[in-house]
Each structure stands twice: as C-alpha cells, then as structure tokens.
Amino acid sequence: MNNLTLNTGITIPIIGIGTNTFGKENKDFMGAINNDTSELESALNMGYTLIDTAIAYRNESVVALAIKRSGLKRESLFITSKIPGKPEYTDTDELVEKAILSSLKELDTDYIDLYLIHHPWDDKDGIVRVWKVLERYVEKGVLKAIGVSNFNVEQLTHLLANCTLKPAVNQIESHPGSWNDDIVDFCRINNINVEAWSPLKRIPETSLETLKKIGLKYGKTWAQIVLRYQIERNVIVIPKSHSTERQKENLDILEFNLSDEDKALIKTL
Ligand code: NDP
C-alpha cells in the first residue's frame with residue numbers, strides 16, 4: 001500500500017475503506033446496526049488498512065468487531081473517526097472529552113490514528129475551543145493526529161490562525177462535478193492532506209461516459225480512473241463498496257499512470 005506522510009510525521013495509506021453504511025440493515029445509512037462485519041472483514045482481508053468511520057455512523061463498535069474477527073494487529077491499521085460538529089458533542093470541553101472516550105471505547109482501542117471534526121458550524125471560536133481539547137488528547141498520545149472535515153478555505157484560515165497543532169487532514173467531498181479544487185489547492189499550500197469522501201458518487205452522466213472512454217485505454221474501469229486521478233495528485237481516497245469484487249477493483253489502482261493529457265481532461269469534468 002502506498003503511504004503519504006502527514007504534517008505530524010506519521011504515515012497514512014493513500015487508499016482506505018469508507019464504512020458509513022457497513023454493519024447496518026439494508027446497507028442503509030439510517031438502518032439499524034446488525035453487527036454484520038462481513039463487508040469490512042472482506043476489505044481488511046484483501047489489504048485495506050485505513051478504515052474511515054465516525055460517531056455519526058453509529059458503527060464504531062462494528063469496526064472494532066471486524067478488526068477482532070480479522071485477527072489483524074491494531075498497529076497494522078489506521079483508524080479514522082470523527083466527532084460530530086453538533087452542540088450535544090461540542091458545547092463544553094467535557095462533552096468533547098466524552099465523545100473521544102466514547103470513540104475509544106466503541107472502537108475497543110487505546111488510541112485513534114486520526115480524529116476529525118466532522119462538520120464545521122457557525123461559531124468559529126467555538127471550533128477553536130473544541131480543537132484545543134483535541135490538541136490536549138494528541139499531547140496525551142491518545143489521538144495520533146487530528147483534522148477536520150467539510151471545512152472551506154475561510155474556516156480553515158481561522159483555525160490555522162488560532163491553533164497550536166495544524167490540522168493534518170481535511171476530508172471533503174471531491175469527485176467529478178464537484179472537485180472542490182480551491183480547497184484542495186489551499187490545503188496543499190498549507191501542508192494539510194486532503195481526503196476525498198464520496199469519491200465515486202454523484203458523478204454527472206456525461207463525465208461517466210468520458211471516464212469510461214479513458215478507462216478503455218488503460219484496461220481500467222471509470223471508478224479506477226477517478227480514484228487514480230485523485231491519488232496521483234496526493235488526495236487520499238476512501239471509497240466504500242459492499243461488494244468484494246468492487247472493493248478489489250478500487251484497490252487495484254497502484255500500478256498504472258494517467259497521461260498528462262488525460263489528467264488535464266479529467267480535471268475539467
Ligand atoms: P462512494 O463514493 O464510496 O460510493 C459508494 C457507492 O459507489 C456505493 O453505492 C457502491 O456500491 C458504489 N461503488 C463502489 N465502488 C464501485 C466501483 N468500483 N464501481 C461502481 N460502483 C462502485 O460513497 P460514500 O458516500 O460511501 O463515501 C465514501 C466514504 O466517505 C463513506 O463511506 C464515509 O466513510 C466517508 N464519507 C464522509 C463524509 C464526511 O462528511 N466526512 C460524507 C460522506 C462520506 P456497492 O456497495 O454496490 O459497490
């Protein structure tokens with residue numbers, strides 16, 4: 001697996017597995033937790049090591065169970081979780097601490113590799129206050145790296161001006177039709193790694209056709225072309241699939257290179 005180095009010095013795999021519908025009835029985000037670990041076990045068995053979960057997904061304990069059943073060592077894995085940007089989790093320092101401790105308990109681990117603020121909210125100074133609690137947990141060695149998600153340039157600028165530890169990652173929506181290149185460029189300049197959520201979703205039909213045509217040249221699918229484009233520009237991808245076949249497909253993107261011409265075309269999609 002290829003890795004990138006975060007601004008903390010720790011490494012992060014460039015491909016991970018999204019999990020927001022794993023372990024749930026009807027593969028539905030809102031579905032009841034059914035403790036089905038087969039999807040994540042399948043991904044872990046084939047070599048995914050970065051797992052993306054969140055308190056909001058309600059499946060941190062399913063992630064823990066899948067890891068246990070896989071037999072893999074904790075240190076061989078990179079776990080990301082997220083604290084919701086909601087008052088019931090962020091209004092006081094004690095609530096933030098409670099969320100971190102809850103994630104640790106649910107994930108059955110004594111450290112989390114990357115912990116993100118899931119969404120920004122209007123109170124920029126409130127975000128800084130929450131950030132300072134997360135910073136304390138980095139000092140304690142409980143959170144190995146901290147970051148944000150869905151932050152725009154303005155929100156990042158305010159945090160950067162007021163933090164001690166820079167966010168290591170900004171996890172944002174990024175795919176054809178919504179690349180969010182302004183945020184990607186800002187993060188690159190500021191040494192913040194970008195992770196793309198929903199890397200394969202909401203892609204306009206015309207862009208899909210173009211991606212399929214490009215794929216024919218490389219013997220790759222449209223999904224592999226999109227994911228390859230992102231990792232070639234050092235954007236981490238966390239595609240999610242319930243199918244073992246497509247999980248394999250999404251991982252099989254490390255051994256080809258897109259031409260400059262094709263990358264220029266994909267950038268316009
Ligand atoms: P993805 O972009 O990963 O797309 C998932 C969909 O694409 C599924 O329907 C899946 O179907 C299908 N799919 C997967 N691989 C392929 C393939 N090779 N070819 C064709 N179809 C494919 O969407 P997600 O919304 O799940 O995003 C990924 C992860 O990002 C989430 O699981 C979550 O961890 C994170 N996320 C974070 C957010 C945030 O606010 N920070 C917001 C949203 C997501 P099938 O299962 O049948 O293969």
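In listed order, ligands and their atoms are each counted from 1. The analysis underlying the following values was restricted to heavy atoms, covering all of them including side chains, and did not include hydrogens, waters or symmetry mates. Just so we're clear, the structure is a prediction, and the values are computed from it rather than from any experiment.
- For N150, every heavy-atom contact with ligand 1 shorter than 4.0 Å involves the side chain, none the backbone.
- Looking at ligand 1, you won't find any N or O of W222 less than 3.5 Å from one of its N or O atoms.
- Here R136 pairs with E97 in a salt bridge; the nearest charged N to carboxylate O distance falls below 4.0 Å.
- Of the listed options D252, N20, T244, N20 places a heavy atom closest to atom 31 (C) of ligand 1.
- Here the heavy atom of the protein found nearest to atom 4 (O) of ligand 1 is K201 CG, 3.6 Å.
- The shortest contact between atom 14 (C) of ligand 1 and any protein heavy atom is with K240 O, 3.2 Å.
- Residue contact check: Q171 has heavy atoms under 4.0 Å from atoms 37 (C), 38 (C), 39 (C), 41 (N) of ligand 1.
- Near H118, meaning under 4.0 Å from one of its heavy atoms, ligand 1 places the atoms 39 (C), 40 (O), 41 (N).
- L258 and L216 are assigned to two separate hydrophobic clusters, defined by single-linkage of ILVMFWY side chains at heavy-atom distances under 4.5 Å.
- Atoms of ligand 1 found under 4.0 Å from any heavy atom of D52, numbered from 1 in the order shown, are 33 (C), 34 (O), 35 (C).
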(Q) For H118 and Y57: C-alpha separation, side-chain torsions, deciding distance, then whether ring pair (Phe, Tyr, Trp, His ring centres under 6.0 Å) applies. (A) CA-CA 11 Å; H118 205 148; Y57 305 166; 5.8 Å; yes

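- If you check the side chains of K166 and N190, you find no donor sitting under 3.5 Å from an acceptor.
- Of the protein's non-hydrogen atoms, L200 N, 2.7 Å is the one closest to atom 2 (O) of ligand 1.
- Of all the heavy atoms of E249, the ones lying under 4.0 Å from any atom of ligand 1 belong exclusively to the side chain.
- The aromatic rings of F22 and H242 lie perpendicular to each other, with more than 60° between the two planes, well past the 30° mark.
- Close approach of ligand 1 to A223 is summarised as follows: ligand atoms under 4.0 Å from at least one heavy atom of the residue are 17 (C), 18 (N), 19 (N).
- Tested against K124 for a side chain to side chain donor-acceptor pair (under 3.5 Å), the candidates H158, Q155, E154 yield a single pass: E154.
- When hydrogens are left out, the protein atom nearest atom 18 (N) of ligand 1 is N250 OD1, 2.8 Å; that is the closest non-hydrogen contact.
- Within 6.0 Å of NZ on K217 lie more than 12 heavy atoms contributed by other residues, nucleotides or ligands.
- A donor-acceptor contact closer than 3.5 angstrom is absent between the side chains of K144 and T8.
- In summary, R233 and D181 engage in a salt bridge, as defined by a charged side-chain N under 4.0 Å from a carboxylate O.
- For atom 9 (O) of ligand 1, the nearest protein heavy atom is 4.0 Å or more away.
- Close contacts of ligand 1 with S241, meaning ligand atoms under 4.0 Å from a residue heavy atom, involve 14 (C), 15 (N), 45 (P), 46 (O), 48 (O).
- Among protein heavy atoms, atom 42 (C) of ligand 1 sits closest to W197 CD2, 3.2 Å.
- Remark: distances from the non-hydrogen atoms of I238 to ligand 1 include one below 4.0 Å.
- The cluster map of Ile, Leu, Val, Met, Phe, Trp and Tyr, joined by side-chain heavy atoms under 4.5 Å apart, puts L95 and I112 in different clusters.
- Protein heavy atom in closest approach to atom 17 (C) of ligand 1: R246 CD, 3.5 Å.
- Around NZ of K68, the count of heavy atoms belonging to other residues, nucleotides or ligands within 6.0 Å does not exceed 12.
- Side chain to side chain, T109 and R74 meet the donor-acceptor criterion of an N or O pair below 3.5 Å.
- With a 4.5 Å cut-off on side-chain heavy atoms, N150 and P120 count as touching.
- Geometrically, ligand 1 and P199 share a nitrogen or oxygen pair separated by less than 3.5 Å.
- Near T19, meaning under 4.0 Å from one of its heavy atoms, ligand 1 places the atoms 32 (O), 34 (O).
- Atom numbering of ligand 1 starts at 1 in the shown order; those under 4.0 Å from a heavy atom of P239 are 3 (O).
- Ranking protein heavy atoms by distance to atom 27 (O) of ligand 1, first place goes to S198 N, 3.1 Å.
- Shortest contact from atom 33 (C) of ligand 1 to any protein heavy atom: Y57 OH, 3.3 Å.
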